[in-house]
Amino acid sequence: MLKIYNTLTQKKEIFKSLVDKKINMYVCGMTVYDYCHLGHARVMLVFDVVVRYLRSQGFEVNYVCNITDIDDKIIQRAHENKETFQELTQRYIQALEEDMKALGVISPTKQPRATSYIAEMQALISVLLEEEIAYRAVSGDIYYDVKKFSSYGKLSHRHLDELQAGIRVEVSEDKKNPLDFVLWKMAKPGEPAWDSPWGRGRPGWHIECSAMSMQCLGEHFDIHGGGFDLIFPHHENEIAQSEGVTHKTFANTWMHVGYLQVNKEKMSKSLGNFFTIRDILKKYHPEVIRYFILSSQYRSPLHYSEEILNNAQLALERLYLVLREFNLKENIKPASSRFRERFLSSMNDDFNTPEALAVLFEIAREINRIKNENEEEAKMLAYELREEAAILGLLTEEPSNFLQKSSKEIDVKRIEMLIQQRVLARLEKDWKQADKIRDELFALGVVIEDAEGKTRWRIQ
RNA sequence: GGCUGGGUAGCAGAGUGGUUAUGCAGCGGCCUGCAAAGCCGUAGACGCCGGUUCAAUUCCGGCCCCAGCCUCCA
């Protein structure tokens, strides 16, 4: 029985899809004006695992993840770069796709872009104006009147008066209420603009997700997700807009991924403490990043440091060292074991990946324990280990590939030649020479293992 | 000020009203020419103060501390 923590109710709830065995899920994706950092990777990897898991449990998941390709920061950045906003966004959309591919993130079923849904956004704004939930200000900009939506604040668990007390931005003369947010913004000369019944302009940030999610998934769907920082105001506003138009529940379950922290601070662009995905991939295997992300529960803050990533690497090596012992070429569906049940119940408990990983390590130990006495059973467990790890997107590589991959240039020919020399030295029981070669290899970052008459090597 | 979520062994990080999380690191052993890998064993923890209970790290209350949101942010 799958339970998911719902930000809306602040409880873990038994998950039930609107249509049996089908799930419609929307995740707020990236604004494309710069490279993605590890914090973005966390969100994408978490939902990647959510989708993989749900599919493995027989759900047909319709996974929509948008791209925001028009917004103030994009306009500003394009202006700074003296290029069109399309040139800018196209470049970063491509970078985003490269990053996601490198991380092994499965593609969303659909990846709508804001600029392709301008008409749908305008349709929503029209309804909100007709219903007088939105108003046109003196400037011509159109705002959402938060006072008209009685349950405003239900997702972030705040009340309008509390919010107003904490206002810390200068209040625009234009708005009736400082918390009102823009739906349509009139264009200044030189800014990107679209025709609308209210004049040339561009959409506000929040309306795009209402338009895209409802267009792609319907007015009422199962899961809506994103980073923690989107709870307020973004998702709150999405609810206000969508439910303001439809008068029915927008999304049933709201999932939010915790922050990635560096030195106890949130990783963010403004603090300048971020690491881009592509930079980290220069030093670490994608599965190491994935392991690191999954080693904490998705709602908790996750601390980043190089030491922790190194630890993730060592942990993954342990699992790969187990799989290396077997030739898992056959297409075998392993039988249920006592481990499988625990793996599944961990995942069913709000995607508790740290606990699921712990189960994988227990399988690994069991394999090591029995492999000499009962090779067949060990092999079955190895198949199971690989299958369950695949749900997390791990252990998908050939073990020797993973274990012999290095971020530095390695000279495999030289390594193998040295190993050959050492084998000869060992046959002659020339331990001094053998150890000297081993030291030499170690200096190259190569670790040697002598087992069952063979010598194997791996990196680091 | 309001609202969220936290504080678990050297590090990371789950979980539980009484029983080994897990990974890395440590200690002892087995294996090995020596290592590596692996196995067995072992040590070490639940912010502070009260309360409930036969029993609390786990429930309740208070306090302290940390992070985040209330402006754009995944």
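Residue numbering restarts at 1 for every chain, and letters A, B, ... go by the order of the sequence lines.
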Check against salt bridge (charged side-chain N to carboxylate O under 4.0 Å, His left out), Arg324(A) and Glu449(A): CA-CA 13 Å; Arg324(A) 186 181 62 172; Glu449(A) 296 172 44; 2.8 Å; yes
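Side-chain N/O atoms of Arg369(A) include one lying less than 4.0 angstrom from OP1 or OP2 on C40(B).
In this entry the distance linking CH2 of Trp431(A) with P of U32(B) reads 12 Å, nearest Å. In this structure, Leu403(A) places its CG atom 13 Å from C1' of A36(B), rounding to the nearest Å. Asn310(A) has its CG atom 21 Å from the P atom of G10(B), to the nearest Å. Spacing between atom CZ of Phe343(A) and atom P of G15(B) amounts to 15 Å, rounded to whole angstrom units. What separates CZ of Phe232(A) from C1' of G2(B) is a distance of 12 Å, to the nearest Å.
Residue His40(A) is in base contact, counting any heavy-atom pair closer than 4.0 Å across all strands shown. Ser305(A) comes within 4.0 angstrom of nothing in the nucleic acid, heavy atoms only. Counting any heavy atom pair closer than 4.0 Å across all strands shown, His234(A) reaches no nucleic acid atom. Residue contacts shown for Met30(A) are limited to sugar-phosphate atoms, with no base heavy atom under 4.0 Å away. As judged by a 4.0 angstrom heavy-atom cut-off over every strand, Phe442(A) is placed among residues making no nucleic acid contact. At the heavy-atom level, Gly39(A) lies under 4.0 Å from base atoms of the strands shown. If you check every strand for non-hydrogen atoms under 4.0 Å, Arg438(A) touches a base. Residue contacts shown for Thr7(A) are absent, as no nucleic acid heavy atom lies under 4.0 Å away. Using a 4.0 Å heavy-atom cutoff across all strands shown, Asp435(A) reaches at least one base atom of the nucleic acid. At the heavy-atom level, Asn352(A) lies under 4.0 Å from the strands shown only through sugar-phosphate atoms. Within the nucleic acid shown, Gly153(A) has no heavy atom closer than 4.0 Å to any nucleic acid atom.
Side-chain polar atoms of Ser156(A) and Glu236(A) form a donor-acceptor pair below 3.5 angstrom. With 3.5 Å as the limit, one finds a donor-acceptor pair spanning the side chains of Glu83(A) and Asn81(A). Side-chain atoms of Thr7(A) and His256(A) form a donor-acceptor pair, as typed in the model, at a separation below 3.5 Å. Side-chain atoms of Glu191(A) and His79(A) form no donor-acceptor pair, as typed in the model, at a separation below 3.5 Å.
Relative to the side chain of Glu307(A), the nucleotides C3(B), G13(B), C11(B) differ in distance, and C11(B) lies closest. When each of C39(B), C34(B), A74(B) is scored by its nearest atom to the side-chain atoms of Arg422(A), the top-ranked nucleotide is C34(B). When distances are taken from the side chain of Glu449(A) to each of C34(B), A36(B), A74(B), the shortest belongs to A36(B).
In this structure, Glu208(A) and Ile70(A) approach most closely via the heavy-atom pair OE1-O, 4.2 Å. Between Pro233(A) and His206(A), the shortest heavy-atom contact is CG-CE1, 4.1 Å.
At a threshold of 4.0 Å, the pair Glu98(A)-Arg278(A) counts as salt-bridged, since one of the basic side-chain nitrogens sits closer than that to a carboxylate oxygen.
Rounded to the nearest Å, the gap between the P atom of A67(B) and that of C72(B) is 22 Å. G28(B) and A35(B) are spaced 13 Å apart, taking the P atom of each and rounding to whole Å. A21(B) and G15(B): their C1' atoms are spaced 7 Å apart (whole Å). Of the C1' atoms belonging to A43(B) and G5(B), the separation is 33 Å, rounded to the nearest Å. Taking the P atom of each, C69(B) and A74(B) are spaced 12 Å apart, rounded to whole Å. Using atom C1' as the reference point in both C59(B) and C46(B), the two lie 15 Å apart (nearest Å). Comparing G18(B) with G1(B), their C1' atoms are spaced 43 Å from each other, to the whole Å. Spacing between U57(B) and U19(B) at atom P, rounded to whole Å, works out to 11 Å.
Ring to ring, Tyr33(A) and Tyr92(A) are not that close: their centroids are 6.0 angstrom or more apart. Aromatic ring centres of Phe181(A) and Tyr143(A) lie farther apart than the 6.0 Å criterion allows.
In terms of position on RNA chain B, the residue among Ile308(A) and Lys371(A) whose nearest nucleotide sits closer to the 5' end is Ile308(A). Place Val257(A) and Tyr298(A) on RNA chain B by their nearest nucleotides, and Tyr298(A) ends up nearer the 5' end.
Taking Asp71(A) as the reference, Thr31(A), Thr68(A), Lys73(A), Ile74(A) meet the side chain to side chain contact (heavy atoms under 4.5 Å, CB included) condition, with sequence neighbours excluded. Applying the side chain to side chain contact (heavy atoms under 4.5 Å, CB included) rule to Ala251(A) yields the partners Phe221(A), His224(A), Trp254(A); only residues at least two apart in sequence or on another chain are considered. With sequence neighbours excluded, the residues forming a side chain to side chain contact (heavy atoms under 4.5 Å, CB included) with Ile391(A) are Tyr53(A), Ser56(A), Phe343(A), listed by chain and number.
Taking a pair as Watson-Crick or G-U wobble with both distances under 3.5 Å, RNA chain B forms stems of 3 or more consecutive pairs at B:1-7 with B:64-70, B:10-12 with B:22-24, B:26-30 with B:38-42, B:47-51 with B:59-63.
The base of A74(B) does not come close enough to the side chain of Arg42(A) for any donor and acceptor atom to sit less than 3.5 Å apart.
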Could you pull out the protein-nucleic contacts involving nucleotides 66-68 of chain B (nitrogen or oxygen on both sides, under 3.5 Å)?
{"from": "A67(B)", "atom 1": "O3'", "to": "Lys264(A)", "atom 2": "O", "distance (Å)": "3.4"}
{"from": "A67(B)", "atom 1": "O2'", "to": "Gln261(A)", "atom 2": "NE2", "distance (Å)": "2.4"}
{"from": "G68(B)", "atom 1": "OP1", "to": "Lys266(A)", "atom 2": "N", "distance (Å)": "3.4"}
{"from": "G68(B)", "atom 1": "O2'", "to": "Tyr259(A)", "atom 2": "OH", "distance (Å)": "2.8"}

Within the sub-3.5 Å range, which N or O atoms of nucleotides 22-25 of chain B have a protein N or O partner, and how far apart are they?
{"from": "G23(B)", "atom 1": "N2", "to": "Asn311(A)", "atom 2": "ND2", "distance (Å)": "3.0"}
{"from": "C24(B)", "atom 1": "O4'", "to": "Asn311(A)", "atom 2": "OD1", "distance (Å)": "3.4"}

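A cation-pi arrangement, defined by a distance under 6.0 Å to the six-membered ring centre and an angle within 45 degrees of its axis, is absent between Arg318(A) and Phe361(A).
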